[in-house]
Amino acid sequence: MHGNVGVELGRRVAAAVQAALDLPVSEQDALIRPSKRDGVDYQSNIAMGLARTLGRDPRDVAADIVAHLDAADIVEPPQVSGTGFVNLVLTDDWLAARAGSLLDDERLGAPPTDSPRRIAIDYSSPNVAKEMHVGHLRSSVLGDAISRLLRFAGHEVVPHNHIGDWGTPFGMLIEHMVDEGRTGSDDDASISDLNGFYQEARKKFDAELEFANRARRRVVLLQGGHQETLALWRRLVEASARHFEEVYALLGIQLTPADVYGESFYNPFLADVVKQLSAKRLVKVSGGAICAFPEGFTNRDGDPQAVIVRKRGGGYGYATTDLATARYWIEERGADDLLYVVGSPQAQHFALVFAVLREAGWLTGDHHAQHIGFGTILGQDGRTIRTRAGGSVKLVDLLVEAVDHAARIAERTALPEAERTAVARAVGIGAVKYADLSGDRRNDYVFDWNRMLAMTGNTAVYLQYANCRIRSVLHRAGAEPAAGTPVLLTDPRERDLLLRILRFPAACAAATRDYAPHKLCTHLYETASAFSAFYASCPILGADSPQVRDSRLVLATLTSRVLTLGLSLLGIEAPERM
Ligand code: ARG
């Protein structure tokens with residue numbers, strides 16, 4: 001029995017097609033969908049497609065499939081409806097038995113993958129000497145949730161943080177450090193205002209020719225491995241790294257210093273990448289630069305699109321580094337999949353890089369490379385979010401503000417001080433993360449405190465609060481129900497809730513397959529809503545009989561487990577009380 005009900009039914013229908021029509025179809029082809037029709041749980045529309053190929057009446061084909069369906073252990077005798085749908089209704093006995101067995105199952109029925117892959121995932125990836133801004137929020141939050149989902153599915157996930165720690169800006173930053181005499185170890189604090197430091201350097205670079213020239217010479221020294229320059233550069237990188245770690249700790253992002261593979265890490269491989277590409281005759285000199293022209297890409301003028309792999313002066317850029325990065329993760333680290341959680345504006349960049357990698361034979365048919373793009377965070381005015389002064393919003397400020405807002409919710413609880421602080425953190429950070437995760441990642445969304453902290457609707461705090469309500473019922477009940485406690489379905493709302501709970505594996509699978517955490521969010525919201533409807537009309541502790549009470553405690557326990565596990569896969573905490 002497959003833990004995902006839809007998959008199991010798909011297999012059964014596929015076997016029936018084989019038996020009835022002697023046609024091989026996969027469980028995916030059996031097209032099992034949760035049904036929106038009243039009184040129908042799942043539906044298969046495979047008969048329609050088959051009827052077309054066979055030149056038969058779809059209702060006849062559906063009847064044939066039904067006659068050969070071996071699923072009486074799971075579903076009621078199936079009905080054919082409309083133009084040939086096969087309608088499936090799970091039996092109450094099967095539902096009840098399934099609920100009982102889930103109590104023992106930490107994974108709540110979600111089976112681990114039978115084809116685990118090694119997945120290198122690039123996310124967060126902020127830039128040194130610039131403070132992280134909200135643009136990096138999405139990459140961090142989405143990348144972290146996607147990593148958790150993939151790991152839960154049984155894959156080996158290797159995160160790497162591709163921080164921007166190399167290139168021309170470092171010339172001016174280092175030169176500015178020297179000018180200001182901020183080169184001692186006790187000066188680290190003074191460059192902790194990274195944005196300010198960057199802006200000062202930039203201003204000088206634009207205004208003073210002499211400084212700009214020194215900055216350029218400094219870049220050459222840095223790239224040439226000049227010891228003193230490298231030491232100064234390292235100081236800058238470390239100050240930034242500390243700032244990033246602070247943000248990750250606050251956000252509950254699982255990246256560690258060991259996951260940092262900055263652009264500088266790939267520097268030693270760049271020359272060889274270009275050498276290999278030219279040995280494979282994939283590059284041409286164009287305007288003094290060495291460029292690849294991957295097949296099928298044209299620029300605005302309709303000419304072949306160039307990917308610059310070596311600039312005119314001999315330097316390397318962003319694209320070369322990404323070619324080296326991919327080659328490293330495939331060849332040195334044995335990655336099967338390469339995932340990049342980076343804003344949608346970089347879609348073209350990744351498409352070009354992947355194309356060059358394929359032409360070079362570094363990326364083969366067995367590998368899967370994907371840019372997991374996402375939209376922008378907008379302010380209330382519908383434009384990219386800005387501070388009142390017009391600057392870009394700093395991530396830390398936003399997170400601190402989130403916790404402040406949530407503190408007002410926590411204040412209304414009767415919890416002890418320390419627990420209230422923890423709840424404010426869980427609710428505030430959870431709100432920001434969930435706002436980021438609950439919509440289709442490809443869309444922009446408006447950052448709105450009121451909406452993300454609303455106690456009703458598809459928000460983190462609604463789910464967290466629903467879970468706490470259940471925890472409190474379970475607490476008052478004394479003990480969690482023992483595995484094997486019989487489940488009785490006495491009310492349609494009990495059945496609705498249970499059906500939802502049993503769809504958790506399917507929701508997880510869809511969210512993982514499409515790198516779409518919002519599919520899990522939607523499911524959690526539907527589960528919490530089904531619980532609300534159930535709780536409003538089915539008393540738990542005040543049930544008519546001890547059997548019904550225990551049965552309802554099972555449903556409540558499973559709901560709480562779905563919410564807790566689901567939130568944890570999104571990287572969001574579920575407090576016990578609030
Ligand atoms: N540092 C880049 C930025 O802030 C993102 C890097 C994404 N990863 C990559 N392998 N290109 O835009």
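Whatever order the structure lists ligands and atoms in, that order sets their numbers, starting from 1.
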Check your understanding: Charged N to carboxylate O under 4.0 angstrom, E210 versus R214?
Key ->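 So E210 pairs with R214 through a salt bridge.
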
Exercise for review: Sort out the contact shell of ligand 1: every protein residue with a heavy-atom distance below 4.0 Å, listed by chain and number.
Suggested key: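 If the criterion is a heavy atom under 4.0 Å, then ligand 1 touches D122, S125, N127, H136, H162, Y318, D322, Y340, V342, Q346, F350.
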
Give every donor-acceptor pair under 3.5 Å between a side-chain atom in residues 297-307 and any protein atom, sequence neighbours left out.
unit_1: N299; atom_1: OD1; unit_2: D301; atom_2: N; d: 3.0
unit_1: N299; atom_1: OD1; unit_2: G302; atom_2: N; d: 3.2
unit_1: N299; atom_1: OD1; unit_2: D303; atom_2: N; d: 3.0

Practice item. With sequence neighbours left out, write down each residue that passes side chain to side chain donor-acceptor pair (under 3.5 Å) with N4, or none if nothing qualifies. Key: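 N4: no side chain to side chain donor-acceptor pair (under 3.5 Å) contacts found.
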
Review point. Has the side chain of R503 got a donor or acceptor atom that lies under 3.5 Å from a matching backbone atom of A506?
Key: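 Side chain of R503 to backbone of A506, a donor-acceptor pair under 3.5 Å: no, none is there.
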
Review point. Taking the six-membered ring where the residue is Trp, are the ring centres of F354 and H371 under 6.0 Å apart?
Key: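 They do not qualify: ring centres at least 6.0 Å apart.
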
Practice item. Only counting residues at least two apart or in another chain, list the ones meeting salt bridge (charged side-chain N to carboxylate O under 4.0 Å, His left out) with D448. Key: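 D448 satisfies salt bridge (charged side-chain N to carboxylate O under 4.0 Å, His left out) with R451 only.
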
